[in-house]
Structure formats: C-alpha cells, structure tokens
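Both backbone and side-chain heavy atoms feed into the values below; hydrogens, waters and symmetry mates do not. In the text below, chain A, chain B and the rest are named by the order of the sequence lines, each starting its count at 1.
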Amino acid sequence: MLDYLQFVLTPQIVTGLALGVAVILVALGLTIIFGLLDVINMSHGEFYALGAFIALALGQVGLPFWALLFAVPILMLPIGYLVERGLIQRVFHSKDRHITTLLLTFGFALVLEDALRLVFGPNPYKPETPIRGAVEVLGTYLPLYRLFMVAIGGLVIVGTALIVYRTRLGAMVRAAAFDRNMAASLGVPVERVYAGAFAFGVALAGLAGVLLAPIYSVFPTMGRDFILLAFTVIIVGGMGSIGGAVIAGLFLTQVQAISSLYISPVWADPIVFGIMVIMLVVRPQGLRGGLGHA
Amino acid sequence: MLRLKSTLAALSVSAMLSGTAIAADPIKIGVVTPLSGTYAGIGQQVRWGLELATKELNATGGIMGRQIELIFEDEEANPSVAVQKAEKLFQVSKVDFLTGTVNSGSTLAVGQLAERSDKLIATTVSFADSITGDKCSPNVFRVNAKAGQQSAALAAWLVKAKPQAKVYYLGPDYEMGRSTVAAFKSNVDRVGGQSLGEVFAPLDSKDYTQYFGQLRAARPQVLYTSVAGNDTVRLLTQLQEFGLLEGLTILGASGTVTAQNIAAIGKAVEGFVTGVGYTAEIDTPENKKFVAAFQAANKADPDLYGADSYGLIYAYKAAVDKANSTETAKVRDALRGLAWDTPQGKKTIRAGDHQAEQIMYVVQVTGGKFKIVAQVAAADAIGPDVCTRF
C-alpha cells in the first residue's frame, strides 16, 4: 500500500499538477482575451508555438534559458499588439464579431503554422532541459524541472491575477470589459487597452512556449496540443475568469491523471470533454463570472 | 538540288524521330507517395531510392531496351487521396506498374483498385501484416519487411540477451499500434518472456507521464513501444526525466526512432533496440556502394524506405526480363518466387503471399548511431504463410 502511494499515486498527482499548470498558462491568455475583447482566439496555440520557436532560435545563438524567460514574452508583446491593431480591430465592429474574429484567428493560425514549418522544417527539436536531475521526497521521484515549472507557473498566474484585480491598469481593463462605452467616456483609451490586453495574452502564450519546450519538444504543429484542453478549461472555469481557469485547470488535469491509473488512458479525454458538455448544459456560464464581473 | 537536300533532311529527321519514338517508348512506373504532410520525410526517401535505381538502369539500357519513366503523385498519406491518384495513373497515364504507398491503409485501398484495373502494385514501406496476410491480393507485392518479420527478429534477440524478460507494452492507439504490439506480444510469449501489461496512448499525446503510473506499478525490465515521430521524442525524454530509463531496456518498431527524430531525442535514445530489414551500417561491398551513390545523389543517408524502394526497381526489372513482357499476368508469374540482389542482400518473394523474405537485422543505438547487434536468417523471421486467396 505504501509502495503504491510512493511509486504510483503521488507521482501521478504531481505530474498531473505540472500538466495542470502548463494548461493554465496556455488558458490564461485565452481567457483574458475572451473576457476583455469577446474574441475567441483560435490562433492562441500557434502563438504558444511561436514563443517556443523564438526561444529555440535565441537559445541557438547562445542566450541562456533565464534570459529567454524574459526576452520571449517581451518580443511577443509587439507581435500581439500589431496583430490586434492590424487584423482583429478591422473586423471587431462587424455585426457577427464572434464568427469573423473566429475565422480570422483560425486563418491566421494556419498561416503561422505553415510559416513555422517553412522556416524550421517539420522535424521536432528538443531544447536541453535547463534544470537537470530530480529529488526524492519520501521515496517519490520528482524531476526538478517540473517542480520549477509549477513554481514559476504559479508565480505568473498569481502575478497576472494581481495585475488584473489589484492595479489601476487592471481596473481600466476590467472597466473596458464591463462597459466599453462608459469606460471610453471616462477617458480610458479603450482601443489601446484592447490591443494591450491581446498583446499580454499572446505574451503569456509565448512564455508558456518557453517553459514547456524542454518537456514537450518543439515542432510546427505543437500549437494544437494544448488548445482543446485550454478551451475546455476556460469553458468549465467560466469564459474570462482567471480564478475559474485555475480551478478548472487543476481539477481537469487531476481527473485525467488519476482516471488513467484505473482505466485505459484513452478514456481520459472523453471524461474531460464529457465534464465540459455537462457544464455547458447545467451551468453554461462556467464556475466563475467573467473579467468585467468579478 | 535544294529540294533533294530538304527531302533528304526531312527523311533523316523523320527516321530519327521514329527511331527515338521506338527507343523512348518508356516503361511507366507510377509512384503514389506522400510528398507533403506528416509522412513527407518517408515519401522523400521513397522518391530518392526509386530515382537512383531508375537512373542507374536507364544509363545501362533500361528494361528490355526501354527507358523507365517515374510519374509521381502526392498521396498525402490518405487512403482516399491515394486511390484517386492511383486511378489517374492507371487510366490517364497508363502506367505499367505502381508503387510508393506508405500508409498501410493506402496500400490496401490501392491494392483493391489494382485488382479491378488488372494492374500490379508493390509497397516498399507499409508494415501492416494484413497486406500479405488475411487481406492479401494477387495484385499486391511487398518487398520490405512486414511488422511480423521485425518483431520476430527482435524477439529472437531478446530471448538471447534477456531470457525470460518481463515486458510492458506501450503503443499508439490505432491500427498500426495495436497490431505491432499484438505481434510482438505473441513473439514474446513464444520465446518464454513474461508480458506484464499494455497501454495504448492516443496518437500525438503530449504528456506520457500520465501512463508512467501503470508502467511503474508493473516494474518491467523491458518496454516495447511502437510510437513514432514526435511521440517518440516525448515518450523517451519524459521517461528519462522521470528516471525510468534506469535498468529498463527500450525496444521498438522500426519506425519508432528514425533519422528524423533521433537528434531531438538526444541521450534518452541510447540503448534503444529495434529489428529492421535495412540499415546503412550493413557491412557489405554492395551496400557500401549503394550508400555512397545515394549520398552523392541526395546529400543524405538512405534509410530502410530508400533502400527498399531502390531494390524494388531491380526486382521489377528482373521480373520483366524473365517474363519478357510487361503484361500483368506474366509479370505476376515472374515475380512469384523471384530472387534478386539488393543492397541488403538477396531477397526472395514468397509465391504464396507475395511477401519478400530477407535477412533481418537487430540494431541498437550506441553513441547516437545505430549499430548492428544481431542478424536473423530470412527463414526464421518470415513466419507462416496465412494468405488463402491465391
């Protein structure tokens, strides 16, 4: 029994936790963009891939991993800003905003994925794991890099929540999400707040790319990996809710981790998506309210 | 005088034209292979292998004095696309023979079309045992080693290297994954190994750590896997990250670790063992000559797909020469039981199921490169003929 706890259950929960943090990192940008702009960003996964590839390229010219953690999100900011101002703003005010922005970002995702394939080729790359080794806690084997990722990911999530809920900038963002016209008439530069929030979401995706590249390897279609699970997380957590995304992300990945011990892991996905379907039927607004309402 | 000259000129031109027309009436070989998409890397090797052999034969007079012409179509590793492209090659381009299909589903589907069109096809890549097993076709040949030959070779090595090994299986959850695991498992049972359990992960799984719980609980000495491409990179590096590679020998299908992903896997690939029908390491003069020619032409090493495709053109030449015809029925008779020389040694096509018999090699990654650790005779790897249709 102790054996089972040590070698099977505990590591499974810890790996589930690491996966959960990874999914939340990807979902965080997605939920902010949805909560504020009311835009479903289908290209979010490809921004995650872009971040990983930028990290790969900069790593090859000799930039250390620690510098990448800052350099990549900073480089992603102007990219996100330009995409919002240059593409999304153009269709933002049309009547079917959901459809047009969804199609636009989906198309952009295809372009980005093929561009990555053209530049870097279809084969996978595996960046060196920056922190090697593992610790044994009470006989349970825990890789250091996964623990590091949980810690950094946790910091980023808490930091993001603090910015959104506890700063003046965050107040402007929430005001713009709550009532765009009222916020504008009170002097909030709504267009720039939108573009800035989009850029911030994209930068978070890029950061997730840097952090996850050593674990999941880097290749052009990697953007598809997390996107379904990330969408599930923000639907269950409540579109636009940071707290909801955290709860749902941790819950769903634990469901996956523990259920795959007892039943075929192939069933883990149907269970997770089943929870999403039940949620949509029973409580379509999700666990928590959106950005403008929290 | 002028008129005479121009008449003579016209005559000689027409003579030249008709002369070239006879010599240039080529034997057409259709190639339906993935030139784009996930399997583009495999299609590339197929193309390189076929083109090299064609160039060599054309330089020495082709087949029955006729040049060989290859006509390529992109199958996108999709059976329905492959059938459309094959139909086009049969009906419009009037090809004499067809090859190139990679996806086992494509090979089976194009095989049915070949039967209806009364043409012959050969695969140089597809692994699925059924192609020359329960779904065999009188119009389909396979010149590469099937999954069963690969796993028989691997099991023969396993019984010597690790007698009574405790084996765990992890495969991708689709036809190829399940059939490769089943094939290896029956071989392990046959040689007295112990099967502890199996798990099937969805294709393109990002995180294999969720399966490590079951793996750890079983405590195997050997892990057999048939994942491929990016999936292998993730599986092996994550196993390493979790310290699970200690004391664990990883065996795999021959598509698990290839030139496309070996660099990305890094140190985690050390010690990986697989059974293959070809490796560039084969130390014979014929293979060294082939590898040198292949490198000179393509600036890359041949892999099993390139070598088996190269060998196919020579098999077709041998069969057409023997039949003295390109007619389907005559070439089929000539191919049955045909023995011919390839870079990897002599191959023989078994008449009963159209499967090539060949020496199998067991290779292990040492210092980031595959090294041959054992050889298994063709007769020991081929397995029984289960084709009942002809």
Inset, instruction - Let me know if B:Asp173 has heavy atoms under 4.5 Å from chain A in its side chain, its backbone, both or neither. - result: side chain
Inset, instruction - Indicate yes or no: does B:Arg234 engage A:Asp225 in a salt bridge with an N to O separation below 4.0 Å. - result: yes
Legend entry - A:Thr129, part contacting chain B, at a heavy-atom distance under 4.5 Å: neither
Inset, instruction - Before accepting this row, confirm whether a basic side-chain N of the pair A:Asp114/A:Arg117 lies closer than 4.0 Å to the acidic partner's carboxylate O. - result: yes
Inset, instruction - Heavy-atom pairs under 4.5 Å with chain A are the metric here; pick the option from B:Asn230, B:Val199, B:Thr209 that has the most. - result: B:Asn230
Legend entry - Near-ring test B:Tyr310/B:Phe294, centroid separation under 6.0 angstrom: no
Inset, instruction - First locate atom CE of A:Met239, then atom CZ of A:Phe231, and finally report the distance between them rounded to the nearest 0.5 Å. - result: 7.0 Å
Inset, instruction - Check whether NZ of the Lys or CZ of the Arg B:Lys206 lies under 6.0 Å from the centre of the six-membered ring of A:Phe226 and within 45 degrees of that ring's axis. - result: yes
Inset, instruction - Against chain B, work out which of A:Ile215, A:Leu144, A:Leu212 has the most heavy-atom pairs shorter than 4.5 Å and name it. - result: A:Ile215
Inset, instruction - Check each atom of A:Leu229 against the heavy atoms of chain B and say whether the ones under 4.5 Å are side chain, backbone, both or neither. - result: side chain
Legend entry - chain A contacts, top residue of B:Arg216, B:Gln240, B:Gln238 (heavy-atom pairs, under 4.5 Å): B:Arg216
Legend entry - Contact origin within A:Phe219 toward chain B - heavy atom pairs under 4.5 Å: side chain
Inset, instruction - Verify whether one side chain among A:Ser43 and A:Thr105 offers a donor that lies under 3.5 Å from an acceptor in the other. - result: no
Inset, instruction - Output the option from A:Gln256, A:Arg146, A:Gln12 having the highest count of non-hydrogen pairs under 4.5 Å with chain B. - result: A:Arg146
